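The structure presented is a predicted model; accordingly, all values stated were derived computationally and were not measured. Counting starts at 1 for both ligands and their atoms, in listed order.
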Amino acid sequence: MDTSRDGGLMVGLCVTVTLLAMSSIGGEAALTTNFYDDSCPQIYSIVKAEVRKAVAKEARNAASMVRLHFHDCFVNGCDGSLLLDNTTDFTSEKYARANINSARAFDVIDSIKAALEAACPQTVSCADILAIASRDSAVEAGLVPHYPVFFGRRDSLTASIDAANAFLPSPNFTYAELKENFANVTLNELDLIALSGAHTIGRVKCLLIRLFSLKDNLQTNTGFRDFLNKTICPNGTQDQQPDGSFIVTDLDLRTPDKFDTNYYKNLRKGEGMIPSDQTLQDTRGINQAFVADFAFNPVNFFFQFAVSTIKMGNISPLEGDEGEIRLDCKKPNPTVSPRIAIQ
Ligand code: HEM
Ligand SMILES: *[C@@H]1O[C@H](CO)[C@@H](O)[C@H](O)[C@H]1NC(C)=O
Ligand SMILES: *[C@@H]1O[C@H](CO)[C@@H](O)[C@H](O)[C@H]1NC(C)=O
Ligand SMILES: *[C@@H]1O[C@H](CO)[C@@H](O)[C@H](O)[C@H]1NC(C)=O
Ligand SMILES: *[C@@H]1O[C@H](CO)[C@@H](O)[C@H](O)[C@H]1NC(C)=O
Ligand SMILES: *[C@@H]1O[C@H](CO)[C@@H](O)[C@H](O)[C@H]1NC(C)=O
């Protein structure tokens, strides 16, 4: 953690070297940074432009896209399964507990996909779009530097709502449960603390604040609990607007749309918005040292967020001739009809 006093250039170099080294771990086909260099070099400019447009339209879109990559990777690996809608064969992961009325910005992913299909048809997978859109979103919100994105994932032919319900963490998980949940996908405590820092941007439904942070005294800072109850999410009967949309508040009340270290500063004040946030500070252990380090050393947080995101992006991808390159992120490619297959 000595990088704190180095300049951004040094950190950028360090990120690149560390991550290139990471990619060579394990003998099998690995994701690479140059995967689209010949087939779709425009991927960088196209995704950046689409992300920039979407975030300018609504700042929250940055947070929503960072979360999509996470919710894709934790469920049978980073294979774009989260993006699939219902089919006759399976129910979409979009209806899983952690995603329903919550996961969003699918329309932005569709715009990115359309722009990429126009420039380089049938080339860029939806799973890879989630990885680069997540990076560009975090950067758009303030993350520095521009860490390298690894590519080569292919898209799943199916999705599993049961796996999404089993493997996406809940806001009332204890520290031990969070640790196990991350260990299940080869992520450690440092990854848990660093990736949770994504909650420095984005929104949470007041319904969940009342259900988890205000229920059962899971939020133990009574002053902050009163503030949440009376000022931030008042009126328990009004969780939804007349149009049916849910009332939300900020996950980082200080700088809601800025990717910075205030999430960790909030935790140290006992002001984590959801119990799974506050427990990262309240549980005794090495976690408290990580929280303290990230609270005061943005360079360390940004570096570790990049490293842990790359690691998360490596969770059992489909590669080579596995899966497919979806033409529409929302549905598996049409298969050859049986009648034609028989001929
Ligand atoms: C450690 C376990 C985690 C739990 C229990 C958790 C839980 C939650 C919950 C309950 C919300 C609010 C959802 C809603 O009210 O609709 C949320 C939002 C969010 N989460 Fe997490 N999360 C975790 C880790 C992560 C990780 C690892 C990332 C990304 C690296 C992430 C990124 C986000 C973002 C950006 C939002 C805001 C999304 C938006 O505004 O659309 N979370 N999370
Ligand atoms: C998808 O399936 C789920 C579960 O059966 C259902 O609740 C939902 O309404 C379906 N969505 C659409 C758009 O048909
Ligand atoms: C966490 O919340 C779920 C409801 O979403 C509930 O079924 C479960 O019992 C809760 N777990 C704990 C440890 O409170
Ligand atoms: C970890 O994985 C096991 C086996 O799939 C599962 O039963 C368990 O619920 C997972 N733990 C958490 C906390 O997600
Ligand atoms: C929230 O405020 C209401 C009304 O003032 C009160 O009845 C309730 O006990 C409060 N809940 C918590 C968890 O503080
Ligand atoms: C709570 O709801 C009531 C009735 O809808 C309204 O009069 C009151 O102003 C609301 N309080 C706050 C703090 O929003």
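Using a 4.0 Å cut-off to heavy atoms of S170, the atoms of ligand 1 that qualify are 5 (C). Applying the 4.0 Å criterion to heavy atoms of L178 picks out, from ligand 1, the atoms 1 (C), 2 (C). Using a 4.0 Å cut-off to heavy atoms of L208, the atoms of ligand 1 that qualify are 10 (C), 14 (C), 15 (O). Atoms of ligand 1 found under 4.0 Å from any heavy atom of L192, numbered from 1 in the order shown, are 1 (C). Those atoms of ligand 1 that come under 4.0 Å of a heavy atom in S276, given as number and element, are 4 (C), 5 (C). Heavy-atom contacts of I274 reach the following atoms of ligand 1: 7 (C), 8 (C), 9 (C), 10 (C) (cutoff under 4.0 Å). Every atom of ligand 1 is numbered from 1 in the order shown, and the set under 4.0 Å from a heavy atom of L195 is 26 (C), 27 (C), 28 (C), 29 (C), 30 (C). Using a 4.0 Å cut-off to heavy atoms of F182, the atoms of ligand 1 that qualify are 1 (C). For ligand 3, the atoms sitting less than 4.0 Å from at least one non-hydrogen atom of F212 are 2 (O), 5 (O), numbered in the order shown with element in parentheses.
The environment of NZ in K205 is crowded: more than 12 heavy-atom neighbours from other residues, nucleotides or ligands sit within 6.0 Å.
Residue N172 has at least one nitrogen or oxygen atom sitting less than 3.5 Å from a nitrogen or oxygen atom of ligand 3, judged on distance alone. At least one N/O-N/O distance between S102 and ligand 1 falls below 3.5 Å. At least one N/O-N/O distance between R203 and ligand 1 falls below 3.5 Å.
Across P234 and R210, no two heavy atoms sit closer than the pair O-NH1, 3.9 Å. When all heavy atoms of T283 and N287 are compared, the closest pair comes out as O-ND2, 2.7 Å. Heavy atoms only, all atoms of each residue included: P148 and I310 are closest at O-CD1, 2.9 Å. Closest approach of L195 to M312, counting heavy atoms only: CD1-SD, 4.1 Å. Here the shortest heavy-atom pairing between S213 and R225 reads O-CD, 4.1 Å.
Salt bridge annotation for K113-D110: absent, with no cationic side-chain nitrogen under 4.0 angstrom from a carboxylate oxygen. The pair R154-E319 does not meet the salt-bridge criterion, since no charged nitrogen lies less than 4.0 angstrom from a carboxylate oxygen. Using a 4.0 Å cut-off between charged nitrogen and carboxylate oxygen, D257 and R203 count as a salt-bridge pair.
V55 and F259 are not part of a single hydrophobic cluster, where members link through side-chain heavy atoms under 4.5 Å apart. Under the 4.5 Å side-chain heavy-atom criterion for ILVMFWY residues, no single connected hydrophobic cluster contains both L318 and F70. Transitive grouping of hydrophobic side chains (ILVMFWY, heavy atoms separated by less than 4.5 Å) keeps I325 and V124 in distinct clusters. Hydrophobic clustering, with ILVMFWY side chains joined whenever heavy atoms are under 4.5 angstrom apart, keeps L207 apart from V248.
The proximity of K205 to ligand 1, defined as any non-hydrogen pair under 4.0 Å, involves the side chain as well as the backbone.
R60 NE, 3.4 Å is the protein heavy atom nearest to atom 39 (C) of ligand 1. In terms of protein heavy-atom proximity, atom 2 (C) of ligand 1 is nearest to P169 CG, 3.5 Å. In terms of protein heavy atoms, atom 35 (C) of ligand 1 is closest to A63 O, 3.1 Å. At the top of the distance list for atom 41 (O) of ligand 1, counting protein heavy atoms only, stands S64 OG, 2.7 Å.
Only protein N, O or S atoms were scored, and 1 of them lie under 2.8 Å from atom 21 (Fe) of ligand 1.
Taking 4.5 Å as the limit, some side-chain heavy atom of F151 sits within range of a side-chain heavy atom of I132.
Protein residues having at least one heavy atom under 4.0 Å from any atom of ligand 2 are N86, T91, Y95, listed by chain and number.
Every pair passing salt bridge (charged side-chain N to carboxylate O under 4.0 Å, His left out) that includes a residue from residues 88-106 is listed here, sequence neighbours excluded: E58-R104, D85-K94. For residues 261-271, every residue pair satisfying the salt bridge (charged side-chain N to carboxylate O under 4.0 Å, His left out) rule, not counting sequence neighbours, is listed here: R254-E271.
Judged by distance alone, the side chains of H199 and D252 never bring a donor and an acceptor atom under 3.5 Å apart.
Contact analysis leaves F173 out of contact with ligand 3, as no non-hydrogen atom separation drops below 4.0 angstrom.
The distance between the ring centers of F303 and F294 does not fall below 6.0 angstrom.
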